[in-house]
Amino acid sequence: MTRVKTPSDEAEARAIQDELRRRVVLDEPGPEPGRGLVAGVDVAYDDARDLVAAAAVVLDAATLDVVAESTAVGQVSFPYVPGLLAFRELPTLLTALEALPVTPGLVVCDGYGLAHPRRFGLACHLGVVTGLPSIGVAKNPFTFTHAEPGAPRGESAPLLAADGSVVGRALRTQHGIKPVYVSVGHRVSLDNACAHTLALSPRFRIPETTRHADSLCRRALREAIGGAA
DNA sequence: GCGACAG
DNA sequence: ATCTTGTCGC
């Protein structure tokens with residue numbers, strides 16, 4: 001079983017990131033968009049009980065039909081610290097992923113990959129520890145900047161770090177609607193990551209993978225609380 | 001130095 | 001992330 005060591009403090013977490021970051025693979029194009037199986041993952045929290053519920057939903061990339069689902073509930077083991085999100089979400093997320101009856105060719109994370117203060121966001125971390133191709137699709141630009149993409153669906157602008165380096169892309173998934181922020185996680189090119197994101201978002205701003213995972217983890221959290229109360 | 005900052 | 005009903009629109 002894939003495990004993520006829970007750091008005892010932030011310094012240790014950063015040291016772990018530094019070590020795992022060396023294992024990120026960036027020279028593979030990744031799976032072909034619109035084919036195979038794509039998984040979406042997300043988590044929901046109950047702060048009062050320190051619970052975290054994770055969901056993994058697998059879609060047929062061609063039809064966007066749901067072919068498998070899995071959830072897991074665990075205790076929160078790390079605080080929310082911007083830049084260290086993976087240590088909070090990954091343990092439970094991996095449990096849900098491993099319980100899937102199939103292995104996806106790509107995992108779409110709700111958050112960042114290389115677009116990260118230390119170039120090792122949640123999607124990179126998940127990709128490295130599972131070995132699976134992964135990308136990050138976030139709803140906010142965090143500390144990064146970008147020019148306004150053209151209005152049509154499919155338009156994009158480079159997502160820039162403070163030092164000017166390109167860490168991802170602000171991608172318009174719906175005409176005239178706020179873009180999403182795509183970055184590479186592991187074993188996928190940025191072009192491919194954006195193509196997948198577009199293919200997964202035919203109707204709404206957020207990819208269907210993330211939408212399914214979001215509603216499923218919220219449901220799992222409600223049921224976990226309901227069963228305990 | 002302080003605040004902002006993926007979820 | 002989360003606090004949160006009805007309402008507007010396809």
Side-chain angles (χ1 to χ4, degrees), chain A residues 4 6-7 10 13-14 17 20-21 24 40-57 71-94 96-97 107-128 134-146 153 159-163 166-171 173-186 190 193 197 202-207 209-222 224-225:
Chain A
V4 172
T6 295
E10 297 183 17
R14 294 191 183 93
Q17 288 184 329
L20 293 179
R21 184 172 49 194
V24 174
V41 293
D42 195 14
V43 303
Y45 300 102
D46 180 67
D47 289 335
R49 297 175 182 75
D50 272 341
L51 287 180
V52 53
V57 180
T71 62
V73 178
Q75 206 72 26
V76 172
S77 56
F78 202 80
Y80 171 62
V81 181
L84 302 179
L85 185 62
F87 295 99
R88 181 171 171 82
E89 306 202 340
L90 267 190
T92 312
L93 219 40
L94 292 176
L97 263 182
V107 180
V108 179
C109 297
D110 187 14
Y112 284 131
L114 285 186
H116 176 274
R118 315 185 68 241
R119 302 297 183 274
F120 194 72
L122 173 65
C124 297
H125 204 141
L126 184 148
V128 165
S134 63
I135 67 174
V137 180
K139 299 183 284 294
N140 296 288
F142 201 26
T143 59
F144 304 106
T145 61
H146 62 88
R153 162 178 155 84
L159 190 61
L160 305 172
D163 65 4
V166 175
V167 296
R169 222 169 267 170
L171 175 66
T173 54
Q174 294 298 321
H175 188 109
I177 302 297
K178 175 181 174 170
V180 295
Y181 305 91
V182 180
S183 58
V184 162
H186 183 58
L190 182 55
T197 302
R203 173 76 177 115
F204 300 105
R205 176 169 91 110
I206 304 301
T209 37
T210 299
R211 287 166 43 80
H212 277 103
D214 180 76
S215 68
L216 182 56
C217 70
R218 287 174 197 256
R219 192 192 323 158
L221 184 61
R222 282 199 310 269
I225 293 173

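In what follows, chains are A, B, ... by sequence order, proteins preceding strands, each numbered from 1. All figures in this text were calculated on a predicted structure; none of them were measured in a lab.
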Assign the ring pair F87(A) / H125(A) to parallel, tilted or perpendicular, where the plane angle (0 to 90°) is split at 30° and 60°. perpendicular

Check every strand shown and say whether D46(A) touches a base, only sugar-phosphate, or nothing at a heavy-atom separation below 4.0 Å. nothing

Between dA6(B) atom P and H116(A) atom NE2, what is the distance in whole Å? 11 Å

Rounded off to whole Å, could you give me the CG-to-P distance for the L90(A) and dA6(B) pair? 18 Å

Kindly say if K139(A) contacts the phosphate of dA6(B), meaning a side-chain N or O under 4.0 Å from OP1 or OP2. no

Does a nitrogen or oxygen in the side chain of Y80(A) sit under 4.0 Å from OP1 or OP2 of dA6(B)? yes

Once you round it to whole Å, what is the distance between P of dG7(B) and OH of Y181(A)? 10 Å

Atom-to-atom span, CG of L126(A) to P of dG7(B) - whole angstrom: 16 Å

Please determine if a side-chain N or O atom of N140(A) lies less than 4.0 Å away from the OP1 or OP2 oxygen of dC5(B). no

Outermost contacting nts on DNA chain C, any atom under 4.0 Å from chain A heavy atoms, listed 5' then 3', are dA1(C) to dT2(C)

Which part of the nucleic acid, if any, lies within contact of A44(A), taking any heavy atom under 4.0 Å across all strands shown: a base, the sugar-phosphate backbone alone, or nothing? sugar-phosphate

How many whole angstroms separate atom CG of L221(A) from atom P of dG7(B)? 18 Å

What is the distance, rounded to the nearest whole Å, between atom CZ of F144(A) and atom C1' of dA6(B)? 9 Å

So does K139(A) pair up with D110(A), basic N to acidic O under 4.0 Å? yes

Contact class for L93(A) (heavy atom, under 4.0 Å): base, sugar-phosphate, or nothing? nothing

Base, sugar-phosphate or nothing for R203(A)? Non-hydrogen atoms, less than 4.0 Å. nothing

When we call it a touch if two heavy atoms are under 4.0 Å apart, what does G83(A) touch: a base, just sugar-phosphate, or nothing? base

